[in-house]
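The structure appears right after this line, and notes come after that.
Worth knowing before you read on, the calculation uses all heavy atoms, side chains too, and leaves out hydrogens, waters and symmetry mates. Letters A, B, ... are given to chains in the order of the sequence lines, protein chains preceding strands, and every chain is numbered from 1. Computed from a prediction, not measured in an experiment: that's the story for all the values here.
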Amino acid sequence: AQSVTQLGSHVSVSEGALVLLRCNYSSSVPPYLFWYVQYPNQGLQLLLKYTTGATLVKGINGFEAEFKKSETSFHLTKPSAHMSDAAEYFCAVSASGSARQLTFGSGTQLTVLP
Amino acid sequence: GAVVSQHPSRVICKSGTSVKIECRSLDFQATTMFWYRQFPKQSLMLMATSNEGSKATYEQGVEKDKFLINHASLTLSTLTVTSAHPEDSSFYICSARDGVGPANYGYTFGSGTRLTVV
(Lines give C-alpha, C1' and ligand atoms only; values in the text may rest on other atoms or scores of the structure.)
Protein backbone atom coordinates (compact mmCIF):
# COMPACT_ATOMS: atom_id res chain seq x y z
CA ALA A 1 0.00 0.00 0.00
CA GLN A 2 1.09 3.57 -0.56
CA SER A 3 0.13 6.89 0.96
CA VAL A 4 0.97 10.56 0.73
CA THR A 5 0.97 13.20 3.45
CA GLN A 6 1.00 16.87 2.62
CA LEU A 7 1.80 19.02 5.61
CA GLY A 8 -0.17 22.22 5.64
CA SER A 9 -3.52 22.42 3.93
CA HIS A 10 -2.99 26.15 3.44
CA VAL A 11 0.25 27.99 2.78
CA SER A 12 0.55 31.73 2.31
CA VAL A 13 3.62 33.48 0.95
CA SER A 14 4.37 36.98 -0.20
CA GLU A 15 4.99 37.63 -3.87
CA GLY A 16 8.69 37.10 -4.52
CA ALA A 17 9.20 34.87 -1.48
CA LEU A 18 10.26 31.25 -1.43
CA VAL A 19 7.55 28.66 -1.91
CA LEU A 20 7.93 25.38 -0.01
CA LEU A 21 5.19 22.77 -0.11
CA ARG A 22 5.87 19.60 1.85
CA CYS A 23 5.15 16.05 0.78
CA ASN A 24 6.04 12.80 2.49
CA TYR A 25 5.18 9.43 1.08
CA SER A 26 4.94 5.85 2.16
CA SER A 27 5.60 3.03 -0.24
CA SER A 28 6.80 -0.52 0.12
CA VAL A 29 8.48 -0.39 -3.29
CA PRO A 30 10.41 2.31 -5.17
CA PRO A 31 7.88 5.02 -5.86
CA TYR A 32 7.14 7.25 -8.77
CA LEU A 33 6.35 10.73 -7.40
CA PHE A 34 4.39 13.57 -8.94
CA TRP A 35 3.35 17.13 -8.22
CA TYR A 36 0.22 18.50 -9.88
CA VAL A 37 -1.40 21.93 -9.82
CA GLN A 38 -5.15 22.52 -10.05
CA TYR A 39 -6.87 25.79 -10.77
CA PRO A 40 -10.58 26.19 -9.85
CA ASN A 41 -12.92 23.96 -11.84
CA GLN A 42 -10.10 22.56 -13.91
CA GLY A 43 -8.26 19.29 -14.21
CA LEU A 44 -4.75 18.63 -12.98
CA GLN A 45 -1.64 19.88 -14.69
CA LEU A 46 1.67 18.11 -14.18
CA LEU A 47 4.35 20.30 -12.63
CA LEU A 48 7.08 17.70 -12.38
CA LYS A 49 7.75 14.06 -11.65
CA TYR A 50 10.40 11.71 -10.38
CA THR A 51 10.52 8.22 -11.81
CA THR A 52 14.18 7.42 -12.21
CA GLY A 53 17.56 9.11 -12.53
CA ALA A 54 18.49 12.44 -10.98
CA THR A 55 16.77 13.05 -7.65
CA LEU A 56 16.52 16.83 -8.14
CA VAL A 57 13.76 17.35 -10.66
CA LYS A 58 12.98 20.60 -12.41
CA GLY A 59 9.50 21.27 -13.67
CA ILE A 60 7.44 23.93 -15.32
CA ASN A 61 6.96 27.50 -14.10
CA GLY A 62 10.20 27.48 -12.11
CA PHE A 63 9.22 24.70 -9.70
CA GLU A 64 11.53 21.94 -8.60
CA ALA A 65 11.48 19.06 -6.15
CA GLU A 66 14.01 16.71 -4.65
CA PHE A 67 13.42 13.05 -4.02
CA LYS A 68 14.98 12.11 -0.68
CA LYS A 69 14.65 8.42 -0.10
CA SER A 70 16.08 8.52 3.42
CA GLU A 71 13.48 11.08 4.44
CA THR A 72 10.70 9.65 2.25
CA SER A 73 10.08 13.19 1.06
CA PHE A 74 9.43 14.99 -2.20
CA HIS A 75 9.04 18.66 -1.24
CA LEU A 76 8.14 21.21 -3.90
CA THR A 77 9.98 24.53 -4.04
CA LYS A 78 10.07 27.68 -6.09
CA PRO A 79 12.57 30.47 -5.35
CA SER A 80 10.23 33.37 -6.02
CA ALA A 81 6.45 33.19 -5.86
CA HIS A 82 4.30 34.85 -8.47
CA MET A 83 0.67 35.82 -8.13
CA SER A 84 -0.22 33.31 -10.81
CA ASP A 85 1.11 30.48 -8.61
CA ALA A 86 -1.96 30.75 -6.37
CA ALA A 87 -3.71 27.39 -6.78
CA GLU A 88 -4.20 23.97 -5.21
CA TYR A 89 -1.19 21.66 -5.30
CA PHE A 90 -1.31 17.90 -5.04
CA CYS A 91 1.50 15.47 -4.40
CA ALA A 92 0.92 11.93 -5.64
CA VAL A 93 2.66 8.58 -5.55
CA SER A 94 2.46 5.65 -7.90
CA ALA A 95 3.87 2.35 -6.73
CA SER A 96 4.26 -1.00 -8.35
CA GLY A 97 1.31 -3.02 -9.49
CA SER A 98 -0.25 -3.82 -12.80
CA ALA A 99 -2.36 -0.65 -12.81
CA ARG A 100 0.04 1.68 -11.01
CA GLN A 101 -2.78 3.98 -10.00
CA LEU A 102 -1.98 7.30 -8.37
CA THR A 103 -2.59 7.96 -4.72
CA PHE A 104 -3.00 11.65 -3.93
CA GLY A 105 -2.23 13.71 -0.90
CA SER A 106 -4.92 15.92 0.58
CA GLY A 107 -3.67 18.97 -1.24
CA THR A 108 -2.19 22.34 -0.27
CA GLN A 109 -3.87 25.60 -1.15
CA LEU A 110 -1.20 28.17 -1.95
CA THR A 111 -2.07 31.83 -1.50
CA VAL A 112 0.29 34.49 -2.81
CA LEU A 113 0.02 37.84 -1.07
CA PRO A 114 0.85 41.07 -2.92
CA GLY B 1 2.46 16.43 -25.22
CA ALA B 2 -0.29 13.98 -24.37
CA VAL B 3 -3.79 15.41 -24.31
CA VAL B 4 -6.93 14.01 -22.71
CA SER B 5 -10.23 15.54 -23.68
CA GLN B 6 -13.15 15.24 -21.26
CA HIS B 7 -16.74 16.16 -22.09
CA PRO B 8 -18.97 17.70 -21.04
CA SER B 9 -17.28 20.21 -18.77
CA ARG B 10 -20.52 20.96 -16.97
CA VAL B 11 -23.84 19.16 -16.86
CA ILE B 12 -27.03 19.68 -14.91
CA CYS B 13 -29.49 16.84 -14.84
CA LYS B 14 -32.70 15.93 -13.08
CA SER B 15 -32.75 13.42 -10.30
CA GLY B 16 -33.36 9.92 -11.63
CA THR B 17 -31.82 10.48 -15.05
CA SER B 18 -28.50 9.18 -16.35
CA VAL B 19 -25.48 11.15 -17.46
CA LYS B 20 -22.59 10.01 -19.63
CA ILE B 21 -19.13 11.55 -19.37
CA GLU B 22 -16.56 10.91 -22.10
CA CYS B 23 -12.81 10.80 -21.77
CA ARG B 24 -10.69 10.65 -24.91
CA SER B 25 -6.96 10.41 -25.40
CA LEU B 26 -6.31 12.58 -28.43
CA ASP B 27 -2.78 11.79 -29.49
CA PHE B 28 -1.92 8.54 -27.80
CA GLN B 29 -3.44 5.17 -27.04
CA ALA B 30 -4.53 4.66 -23.47
CA THR B 31 -4.91 1.06 -22.43
CA THR B 32 -5.57 2.20 -18.88
CA MET B 33 -7.71 5.10 -17.75
CA PHE B 34 -8.72 6.18 -14.28
CA TRP B 35 -11.84 7.89 -12.99
CA TYR B 36 -11.73 10.15 -9.97
CA ARG B 37 -14.28 12.04 -7.95
CA GLN B 38 -13.45 15.26 -6.15
CA PHE B 39 -15.58 16.95 -3.52
CA PRO B 40 -15.17 20.69 -2.87
CA LYS B 41 -11.91 21.58 -1.16
CA GLN B 42 -10.88 17.94 -1.09
CA SER B 43 -8.45 15.65 -2.84
CA LEU B 44 -9.15 13.26 -5.68
CA MET B 45 -10.67 9.91 -4.80
CA LEU B 46 -10.04 7.07 -7.21
CA MET B 47 -13.33 5.50 -8.24
CA ALA B 48 -12.21 2.91 -10.76
CA THR B 49 -9.52 1.77 -13.13
CA SER B 50 -10.66 1.24 -16.68
CA ASN B 51 -8.85 -1.20 -18.95
CA GLU B 52 -9.49 -1.36 -22.67
CA GLY B 53 -11.52 -4.38 -23.62
CA SER B 54 -12.15 -5.63 -20.11
CA LYS B 55 -14.24 -4.86 -17.08
CA ALA B 56 -13.33 -1.93 -14.91
CA THR B 57 -11.87 -2.44 -11.46
CA TYR B 58 -13.81 -0.48 -8.87
CA GLU B 59 -12.48 0.82 -5.58
CA GLN B 60 -14.06 -0.32 -2.38
CA GLY B 61 -17.30 1.47 -1.66
CA VAL B 62 -17.96 2.54 -5.26
CA GLU B 63 -21.23 1.18 -6.63
CA LYS B 64 -20.45 -0.44 -9.95
CA ASP B 65 -24.11 -0.50 -10.95
CA LYS B 66 -24.43 3.24 -10.39
CA PHE B 67 -21.17 4.26 -12.01
CA LEU B 68 -20.92 2.31 -15.27
CA ILE B 69 -17.55 2.43 -16.96
CA ASN B 70 -16.91 1.38 -20.53
CA HIS B 71 -13.51 1.35 -22.21
CA ALA B 72 -14.32 -0.02 -25.64
CA SER B 73 -11.40 1.46 -27.54
CA LEU B 74 -7.83 2.53 -26.90
CA THR B 75 -8.82 6.19 -27.00
CA LEU B 76 -12.20 6.35 -25.28
CA SER B 77 -13.51 5.60 -21.83
CA THR B 78 -16.94 6.60 -20.61
CA LEU B 79 -18.45 6.99 -17.17
CA THR B 80 -22.23 6.82 -16.92
CA VAL B 81 -23.85 7.95 -13.71
CA THR B 82 -27.13 6.04 -13.65
CA SER B 83 -30.26 7.17 -11.82
CA ALA B 84 -28.44 10.20 -10.56
CA HIS B 85 -29.30 11.73 -7.20
CA PRO B 86 -28.24 15.04 -5.64
CA GLU B 87 -25.56 13.27 -3.60
CA ASP B 88 -23.88 12.29 -6.88
CA SER B 89 -23.22 15.95 -7.58
CA SER B 90 -19.48 16.35 -7.73
CA PHE B 91 -16.48 17.05 -9.92
CA TYR B 92 -15.44 14.00 -11.93
CA ILE B 93 -11.98 13.79 -13.52
CA CYS B 94 -10.53 11.19 -15.82
CA SER B 95 -6.90 10.36 -16.33
CA ALA B 96 -4.94 8.26 -18.78
CA ARG B 97 -1.59 6.67 -18.29
CA ASP B 98 0.86 7.81 -20.91
CA GLY B 99 4.49 7.29 -21.76
CA VAL B 100 6.54 4.15 -22.16
CA GLY B 101 9.35 3.25 -19.80
CA PRO B 102 10.22 4.76 -16.40
CA ALA B 103 11.64 8.00 -17.73
CA ASN B 104 8.49 8.79 -19.71
CA TYR B 105 5.96 7.36 -17.28
CA GLY B 106 3.09 9.69 -16.47
CA TYR B 107 -0.57 10.46 -16.26
CA THR B 108 -2.52 13.04 -18.21
CA PHE B 109 -5.74 14.41 -16.79
CA GLY B 110 -8.90 15.61 -18.42
CA SER B 111 -10.29 19.01 -17.56
CA GLY B 112 -13.03 17.56 -15.40
CA THR B 113 -16.83 17.48 -15.44
CA ARG B 114 -18.93 19.38 -12.93
CA LEU B 115 -22.10 17.33 -12.40
CA THR B 116 -25.05 18.94 -10.66
CA VAL B 117 -28.11 16.82 -9.98
CA VAL B 118 -31.26 18.79 -9.20
Side-chain angles (χ1 to χ4, degrees), chain A residues 1-10 21 23 25 29-55 57-60 67 87-111, chain B residues 1-10 21 23 30-52 54-60 71 90-116:
Chain A
Q2 63 221 32
S3 65
V4 177
T5 302
Q6 290 184 241
L7 292 176
S9 58
H10 291 84
L21 304 183
C23 173
Y25 70 91
V29 296
Y32 290 175
L33 295 158
F34 304 81
W35 274 101
Y36 289 92
V37 61
Q38 185 181 34
Y39 296 97
N41 291 309
Q42 294 187 28
L44 274 67
Q45 180 183 12
L46 179 68
L47 284 176
L48 48 80
K49 65 180 179 182
Y50 169 79
T51 57
T52 187
T55 56
V57 180
K58 295 186 185 299
I60 62 171
F67 169 56
E88 186 85 20
Y89 291 79
F90 292 98
C91 181
V93 63
S94 168
S96 64
S98 59
R100 269 196 175 264
Q101 59 261 47
L102 282 173
T103 298
F104 285 90
S106 54
T108 298
Q109 179 68 46
L110 175 66
T111 300
Chain B
V3 177
V4 170
S5 175
Q6 185 174 345
H7 291 281
S9 58
R10 292 177 180 271
I21 302 169
C23 181
T31 56
T32 303
M33 290 187 173
F34 306 92
W35 287 95
Y36 296 87
R37 183 172 180 175
Q38 186 179 32
F39 291 103
K41 306 293 184 185
Q42 294 189 27
S43 188
L44 281 74
M45 279 180 29
L46 180 65
M47 298 174 66
T49 301
S50 165
N51 294 298
E52 185 269 335
S54 64
K55 290 183 178 180
T57 302
Y58 290 82
E59 295 300 299
Q60 191 172 11
H71 194 160
S90 192
F91 194 57
Y92 294 87
I93 307 176
C94 69
S95 169
R97 208 165 67 194
D98 63 74
V100 178
N104 299 314
Y105 197 91
Y107 305 81
T108 299
F109 286 80
S111 54
T113 297
R114 172 72 60 193
L115 171 63
T116 303

With a 4.5 angstrom heavy-atom cut-off, could you sort out which part of A:Phe104 is near chain B: side chain, backbone, both or neither?
-> both
Donor-acceptor contact present, side-chain A:Ser94 to main-chain A:Tyr32, <3.5 Å | no
Pick one of side chain, backbone, both or neither for A:Tyr36, based on which atoms fall under 4.5 Å of a heavy atom in chain B.
-> side chain
Checking ring-ring contact (aromatic ring centres under 6.0 Å, His included) for the pair B:Phe91/B:Phe39: CA distance, chi angles, key distance, verdict?
-> CA-CA 6 Å; B:Phe91 194 57; B:Phe39 291 103; over 10 Å; no
Pick whichever of A:Leu102, A:Asn41, A:Leu46 has the most heavy-atom pairs under 4.5 Å with chain B.
-> A:Leu102
Where does A:Gln38 contact chain B at under 4.5 Å (heavy atoms): side chain, backbone, both or neither?
-> side chain
Taking B:His71 for its side chain and B:Lys55 for its backbone only, find out whether a donor-acceptor pair lies under 3.5 Å.
-> no
Without swapping roles, check the side chain of B:Gln42 against the backbone of A:Ser106 for a donor-acceptor pair under 3.5 Å.
-> no
Residues which pass salt bridge (charged side-chain N to carboxylate O under 4.0 Å, His left out) with A:Lys58, listed by chain and number, not counting sequence neighbours = A:Glu64
With only heavy atoms counted, which part of B:Gln38 is less than 4.5 Å from chain A, the side chain, the backbone, both or neither?
-> side chain
